[in-house]
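See below for the structure under consideration.
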Amino acid sequence: MVDGKNKKNQPVSPALSEEAADGPTQHDVVRGPLGFGRETVESLVIAFTLALLFRAFEAEAFVIPTGSMAPTLMGRHKDLDCSECDFNFQAGASREEDDQSHTLRTELGRVNREIERLRRLAADSSAGLQQRDVAQQQLADLESPSGKLSVLKMRLAGKMIASATCPNCGNVMKLIEGEGPSVTYDARYPSYNGDRILVDKFAYDFREPNRWDVIVFKYPEGANTNYIKRLVGLPNELVSIAGGDIWTSRDGQPATIARKPPHVMQAMLQVVHDSNFPASLMQTEGWPSAWTDWADTSLWQSEKNRRQFTATCSAGQSASLRYQRFNPTLDDWKEVRLGMGVRKGARPALVKDFQAYNAISQGGHWVGDLAVECTLESKSESGRIVLDLVDGGQQHSCSIDLADGMATLVAASGVKASTPTPIRGKGSWEVMFTNVDDELRLFVDKKLMPTATPVAWSSEIKKESTRDPVLEVVQPGSTVPSDLAPAGITVKADDEPVAVVVSSIKVLRDIFYIGAVGFGRRGEIRDEPILEFPLEADQFFVLGDNSAASKDGRLWIDVHYVDRRLLLGRAISIVWPHMVTASRHVTVTLPILGELRLPSWPNFARMKFIR
């Protein structure tokens, strides 16, 4: 273990570098660390912590330059509201400011200065005729369609983010205007610098690092560079990546899945579908609804443009609502916009690890670890609500009794447990049921409803690494658990009628860790079903949350681990994300603060603790 004094005296640069989410690069230097206080309850707590830590010289601010930890932490990016469904998402723009872009801009500046010099010389009547002719010829060469000026502009245009795909409705947003060397960004979609975060430099002087901590460390293959990743492997473990999950073992024992703590799991879930943001154009043209009355009894009625659903069941009746991922493709959107309507026979798709943040689309891995969340409004004193999730053809459920508030979680393996909840009689609650890391959990109003024993089960790593989804296309009324209809909400009435409203329905997915062994020529990932990394004393294994675009322990050349002596601290909070800019604004550039858009105001919603 590194001596505490030596570690405290170790200089910590405010530059925090990682690889670009648009494709790994070796160095991305961070500029301009900054920290501020905040409003709202959590923001005040963070501000108070800031003051204490700075007073003790135990914290330092860093700027995230790239997207390997997205969406937990974002580097330079575009903050977008989908032009069709208004869903907010981010697209990485780190490559605009990577080393190659800086080199190209420097060279472009040199060429422009040379062009200005040549123009002055060509127009200088005091210069000799031969000098002016040579200047004109050199000017023509530089400004020709195949000249150096056009080549540099084309290469810089290639570093721009041309489009972004909405993860909620599949709409592809064009972010640029013009073509060729004259291409420019659409002014409605500016790029923002990365999150400014606070790092506790002495966190590990007083305790051991925990699995799932977000840590800052010296890059093992270049100690002058700081990286930030999530710690997933501890000393003396054999860490494996299989089936999108992290597995660990010690002393030759069978590998077991590493489960995320509830607060970490909640923070890492990513939205696949949100009923609050329907794509109205597609709905008008008859695109299939994501949520379907599964019994086809018309007991479920959609309202507010499918944003919410109401069910009224008489005694003895039940009504089921089921989710299918009907996400329009680029061709589907083109045909609708051309007035060709919706093609018949749209098929549901699997939930995959698509990450809208990345410029290079990957998203080819099926994700079975899902969650379903909704606002549940009960208008009755009794009845039962059942949430269910399908994973590899196995159905897990959570049944909530409205009469007494007891919830029973049942895994497909037969493991089950009950827990009391505040859901009783008439009222409204935010409910989330999760199946992540081979464990079922229930949250009500963001709080975990603990069971006496975990509803968890054991799996074999080899079976999980090759497990396939059930691809049967099921129709309303079918009882076959299919991964093409992976989430459901059912209302059951016993002796009394039941009326409920469900709204703000979300389907979310867990992060899918890819067993990456390299990248292809076009940036595509090459992966293995099981990837193993042995660790010795004082060695830690780290991964980026943006698994498809993170240069981490999987892909380092010399070593796959971070030695204890390289640990710099634990990331605590996002203290200053990009400002929220008014739709009509003026952009000014200041010497210290850089590019600033006015009017704008603090982005309080994104100021939070890092989990």
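Throughout, residue positions are numbered sequentially from 1 according to the sequence presented.
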- Message: How long is the straight-line distance from CD1 of Ile489 back to CD1 of Ile385, given to the nearest 0.5 Å?
- Response: 9.0 Å
- Query: Should the pair His560 and Phe533 be assigned to parallel (<30°), tilted (30 to 60°) or perpendicular (>60°) ring geometry?
  - Reply: tilted
- State the CH2-CD1 distance between Trp291 and Ile505, to the nearest 0.5 angstrom. 5.5 Å
- Task: Tell me, please, which residues at least two apart from Pro348 pass side-chain contact (heavy atoms from CB on, under 4.5 Å).
- Result: Gln324, Phe326, Val473, Leu484
- Task: Answer yes if the ring centres of Trp212 and His263 are under 6.0 angstrom apart, and no otherwise.
- Result: no
- Item | Nearest heavy atoms of Asn358 and Ala549, plus distance in Å | OD1-CB, 3.7 Å
- Taking the side chain as every heavy atom from C-beta outward, state whether Glu528 and Val517 have any atom pair closer than 4.5 Å. yes
- Task: Could you pull out the closest heavy-atom pair between Ala70 and Gln355, with the gap in Å?
- Result: O-NE2, 4.2 Å
- Message: Using a 6.0 Å cut-off, check whether atom CZ of Arg207 has over 12 heavy atoms from anything other than its own residue.
- Response: yes
- Glu460 atom CD: more than 12 heavy-atom contacts under 6.0 Å: no
- Message: Could you check whether any side-chain heavy atom of Asn546 comes within less than 4.5 Å of a side-chain heavy atom of Tyr357, counting everything from C-beta outward?
- Response: yes
- pair Leu238-Leu535: side-chain heavy atoms closer than 4.5 Å: no
- Task: Please name all residues satisfying side chain to side chain donor-acceptor pair (under 3.5 Å) with Asp445, sequence neighbours left out, ordered by chain then number.
- Result: none
- Residues Glu208 and Arg564 bridged, charged N to O under 4.0 Å: yes
- Flag, side chain of Glu221 to backbone of Ile557, donor-acceptor distance under 3.5 Å: yes
- Message: Does any part of the side chain of Arg230, heavy atoms only, come nearer than 4.5 Å to the side chain of Val264, both counted from C-beta?
- Response: yes
- Item | Minimum side-chain heavy-atom gap Ile241-Phe512 below 4.5 Å | no
Please tabulate, for side-chain N and O atoms in residues 404-411, each donor-acceptor pair with protein atoms closer than 3.5 Å (sequence neighbours left out).
residue: Asp404; atom: OD1; partner: Met406; partner atom: N; Å: 3.0
residue: Thr408; atom: OG1; partner: Ser418; partner atom: OG; Å: 3.1

- Query: Between the side chains of Ser550 and Lys229, is a donor N or O closer than 3.5 angstrom to an acceptor N or O?
  - Reply: yes
- Query: Is the side chain of Thr434 donor-acceptor paired with the backbone N or O of Val436 at a distance under 3.5 Å, no angle test?
  - Reply: no
- Can you name the closest pair of heavy atoms from Leu231 and Pro209 and give their distance? CD1-CB, 3.6 Å
- Task: Spell out, as yes or no, whether a donor-acceptor pair under 3.5 Å connects the side chain of Asp483 to the backbone of Gly393.
- Result: yes
- Can you tell me if Arg570 uses its side chain to pair, donor with acceptor, with the backbone of Asn210 under 3.5 Å? no
- Message: Listing request: all salt bridge (charged side-chain N to carboxylate O under 4.0 Å, His left out) pairs with a residue in residues 252-264, at least two apart in sequence or in separate chains.
- Response: Arg259-Glu439, Lys260-Asp437, Lys260-Asp510
- Closest non-hydrogen atoms of Phe541 and Val239, given as atom of the first, atom of the second and distance, are CD2-CG1, 3.9 Å
- Would Asn193 and His77 count as a side chain to side chain donor-acceptor pair (under 3.5 Å) if you check the C-alpha gap in whole Å, the side-chain angles of each, and the deciding distance to 0.1 Å? CA-CA 7 Å; Asn193 288 330; His77 64 281; over 6 Å; no
- Does Tyr561 have any ring pair (Phe, Tyr, Trp, His ring centres under 6.0 Å) partners at least two apart in sequence or in another chain, and if so, which? none
- Message: Using the side-chain contact (heavy atoms from CB on, under 4.5 Å) criterion, which residues pair with Asn327? Sequence neighbours excluded.
- Response: Arg325
- Task: Not counting sequence neighbours, which residues clear side chain to side chain donor-acceptor pair (under 3.5 Å) with Thr421? List them please.
- Result: none
- Item | Nearest-0.5 Å distance that lies between atom CD in Glu464 and atom NZ in Lys462 | 14.0 Å
- In Å, rounded to the nearest 0.5 Å, how long is the span from CG of Asp200 to CD1 of Ile572? 4.5 Å
- Return the set of residues passing salt bridge (charged side-chain N to carboxylate O under 4.0 Å, His left out) with Arg606 (not counting sequence neighbours), or none when no residue passes. Asp195
- Message: Tell me if a side-chain donor or acceptor on Thr451 pairs with a main-chain N or O of Thr453 at a distance below 3.5 Å.
- Response: yes
- Task: Check whether any side-chain N or O of Asp563 sits under 3.5 Å from a backbone N or O of Arg565 as a donor-acceptor pair, and report yes or no.
- Result: yes
- Query: Once the angle between the rings of Tyr227 and Tyr219 is folded into 0 to 90°, is it parallel (under 30°), tilted (30 to 60°) or perpendicular (over 60°)?
  - Reply: parallel
- Task: Examine distances only and state if a side-chain atom of Asp353 and a backbone atom of Gly364 form a donor-acceptor pair shorter than 3.5 Å.
- Result: yes
- Message: Any non-hydrogen side-chain atom of Val232 less than 4.5 Å from a side-chain atom of Tyr513?
- Response: yes
- Check step by step if side chain to side chain donor-acceptor pair (under 3.5 Å) holds for Ser94 and Thr66. CA-CA 5 Å; Ser94 300; Thr66 67; 5.1 Å; no
- Residues two or more places apart in sequence or in another chain: which of them pass side-chain contact (heavy atoms from CB on, under 4.5 Å) with Ala290? His273, Tyr323
- To the nearest 0.5 Å, atom OG of Ser413 lies from atom NE2 of His396 at 7.5 Å
- Looking only at heavy atoms, what is the nearest atom pair of Ala164 and Leu80, with distance? CB-CD1, 3.6 Å
- Message: With side chain to side chain donor-acceptor pair (under 3.5 Å) as the rule and sequence neighbours excluded, what pairs involving residues 246-255 come up?
- Response: none
- Query: Quick one: CG on Leu448 to CG on Leu442, what's the gap to the nearest 0.5 Å?
  - Reply: 8.0 Å
- Item | Non-hydrogen side-chain atoms of Thr375 and Val502 separated by less than 4.5 Å | no
- Item | Test item: side-chain donor near acceptor, Arg554 and Ser547, under 3.5 Å | yes
- For side-chain contact (heavy atoms from CB on, under 4.5 Å), just list the numbers for Leu321 and Trp294, CA-CA rounded to whole Å, side-chain angles, deciding distance to a tenth of an Å, and then say yes or no. CA-CA 5 Å; Leu321 196 63; Trp294 206 245; over 6 Å; no
- Item | Pairs meeting criterion side chain to side chain donor-acceptor pair (under 3.5 Å) with involvement of residues 232-246, two or more places apart | Arg211-Glu237
- Under a 4.5 Å cut-off applied to non-hydrogen side-chain atoms, are Trp576 and Ile197 in contact? no
- Query: Which atoms form the tightest heavy-atom contact between Ala356 and Thr165, and what is the distance?
  - Reply: CB-O, 3.4 Å
- Message: Taking Gly544's backbone N and O only, do any of them form a donor-acceptor pair with Ser68's side chain (distance below 3.5 Å, no angle check)?
- Response: no
- Task: Using modelled atom types only, decide if a donor and an acceptor are shared between the side chain of Asn168 and the backbone of Asp274 within a distance under 3.5 Å.
- Result: yes
- Within residues 384-395 or reaching into it, pairs that qualify as salt bridge (charged side-chain N to carboxylate O under 4.0 Å, His left out) - sequence neighbours excluded: Arg322-Asp388, Arg384-Asp401, Asp391-Arg467
- Task: Report the C-alpha distance between Lys218 and Thr225 in whole Å, list the side-chain angles of each, state the deciding distance to 0.1 Å, and finish with yes or no for side chain to side chain donor-acceptor pair (under 3.5 Å).
- Result: CA-CA 6 Å; Lys218 292 291 185 182; Thr225 305; over 6 Å; no
